Asker: 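Take a look at the following structure, please.
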Amino acid sequence: MDKPREVLVIGGNRYFGKRLITRLLAAGDRVTVLNRGSSAPPPGAVHLVADRDDETSLRSALGSRTFDVVVDQVCYTPRQAAVARRVFTGRTRRYVMTSTVEVYEYEDSLAPVRETDVDPLGVAVDLGLPWHEAEFLDAHYGEGKRQAEAVFAAEPAFPYVAVRVAHVLGGDDDFTGRLEHYASRIRSGEPIAVPAVNRPATYIHVEEIADFLFWTAGRTFTGPVNAASHGRLTTQDLCDAITAHLPYGEVVLRETEIGTVSPFSFRRFYGMDNSRAVGLGYVFGRARDWLAGAVAETLGAAAPVTSGKGD
């Protein structure tokens, strides 16, 4: 029997992080979960409490522990990456950072973006920006992830992977409220704000990204990798799937040139090329095959708007 892996998950106590931990435990891995103590990990995992922004606190909580794999679900800034790189150099054989499609926010191409379109080694890092301020971080989410990747990439000997995750759908525990944004407007017939030129995007199911992270933890490749189901979805595709779940609703799209638009409606193309992961051996599903199920999972058994005719 193979020796169980020692795996550390930083954060990860909700949504696809929770599913990843379940997969690791089911595989027989010895799993340690580190967070600020806001929630306990699933039964079977060791729980460490620390502030990952505080290097002293992080080192104290880890003690002399070493790991085969670290999966970092909550690295949002270059400062956090710098602390992690210092702490985990020599302490792990593999460091998997959950990154995002938002690292491509400045790439305005109608062709699906490849990992090489944003090379972390070419990204400037500014540790002096106010990364500790929630409002700044929220407004610079993609930039924070991009610079965090750059910090890890700057040390060639650090065995990091940056999983650039497509927009995630599915699950009854989707905390984002993005599908419900559409559902509430479709139920009431309220207009849905979209750009005049509304681009499609790539997506991934919540179970598939958990599978992908689990698969990545067991491989040896390094560097950025895109994680997205095959195919692109438009805002209309999402609305059609939601309308099928709420058959008495009405879709009213309102085009706007400026201002805030609905989630999952984009002025630029958010398509990712997943060929690197496919070439490494991962088999993705097709977004159109799981979309209806994802909508049903998230919206649940919500009562549809009736026609008022008693049918």
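What you see is a predicted model, and the numbers here were worked out from it, not measured in a lab. All residue numbers refer to positions in the sequence shown, counting from 1.
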Asker: Can you establish whether the number of heavy atoms outside I258 located under 6.0 Å from its atom CD1 is more than 12?
Answerer: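 No, the 6.0 Å shell around CD1 holds no more than 12 heavy atoms from other groups.
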
Asker: Count the heavy atoms belonging to other residues, nucleotides or ligands that lie under 6.0 Å from CZ of R114, then report whether that count exceeds 12.
Answerer: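 Counting neighbours around CZ of R114, 12 or fewer heavy atoms of other residues, nucleotides or ligands fall under 6.0 Å, so no.
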
Asker: Classify the ring geometry between Y203 and H167 as parallel (under 30°), tilted (30 to 60°) or perpendicular (over 60°).
Answerer: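 Geometry flag for H167 against Y203: tilted rings.
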
Asker: Run the salt bridge (Lys or Arg N to Asp or Glu O under 4.0 Å) check on E105 and R146 step by step: do they pass?
Answerer: CA-CA 10 Å; E105 63 183 328; R146 192 163 39 245; 3.2 Å; yes

Asker: Testing R288, R286, E208 for side-chain hydrogen bond (donor to acceptor under 3.5 Å, both in side chains) with S229, which one passes?
Answerer: E208

Asker: For residues N198 and T235, is any side-chain donor paired with an opposing acceptor at under 3.5 Å?
Answerer: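 A pair is found: one side chain offers a donor N or O, the other an acceptor, under 3.5 Å apart.
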
Asker: Using side-chain heavy atoms (C-beta onward) and a distance below 4.5 Å, is F67 in contact with V7?
Answerer: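 No - every pair of side-chain heavy atoms lies 4.5 Å or more apart.
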
Asker: Name the one of H47, R52, Q73 that satisfies side-chain hydrogen bond (donor to acceptor under 3.5 Å, both in side chains) with N35?
Answerer: H47

Asker: How about F212 and F284: are their ring centres within less than 6.0 Å of each other?
Answerer: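 They qualify: ring centres under 6.0 Å apart.
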
Asker: Is there a salt bridge (Lys or Arg N to Asp or Glu O under 4.0 Å) between D54 and R59? Walk through the geometry before answering.
Answerer: CA-CA 9 Å; D54 183 334; R59 289 186 184 277; over 6 Å; no

Asker: Please step through side chain to side chain contact (heavy atoms under 4.5 Å, CB included) for the pair V225 and V163, ending with a clear verdict.
Answerer: CA-CA 5 Å; V225 61; V163 178; 4.1 Å; yes

Asker: Heavy atoms, side chains only, cut-off 4.5 Å: are V101 and V165 in contact?
Answerer: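 SC-SC contact between V101 and V165 ruled out.
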
Asker: Quick one: ring pair (Phe, Tyr, Trp, His ring centres under 6.0 Å) partners of F221, sequence neighbours excluded?
Answerer: W215

Asker: Just by distance, with hydrogens left out, do R164 and Y104 show a side-chain donor and acceptor under 3.5 Å apart?
Answerer: yes

Asker: Have S57 and D51 got a donor and an acceptor in their side chains that come within less than 3.5 Å?
Answerer: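 The answer is no; no qualifying pair exists.
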
Asker: Is it true that atom CZ of R93 has more than 12 heavy atoms of other residues, nucleotides or ligands lying nearer than 6.0 Å?
Answerer: no

Asker: Distance under 6.0 Å and angle within 45° of the ring axis: does R14 meet both against F175?
Answerer: yes

Asker: Would V168 and L233 show up in the same hydrophobic cluster when neighbours are defined by side-chain heavy atoms closer than 4.5 Å?
Answerer: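 Shared cluster, no.
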
Asker: Between E6 and R91, is there a salt bridge with N-O shorter than 4.0 Å?
Answerer: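 No.
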
Asker: Does E207 come within less than 4.0 Å of R23, counting only side-chain N to carboxylate O?
Answerer: yes

Asker: Does the Lys NZ or Arg CZ of R86 fall within the cation-pi geometry relative to F88 - under 6.0 Å from the ring centre and within 45° of the axis?
Answerer: no

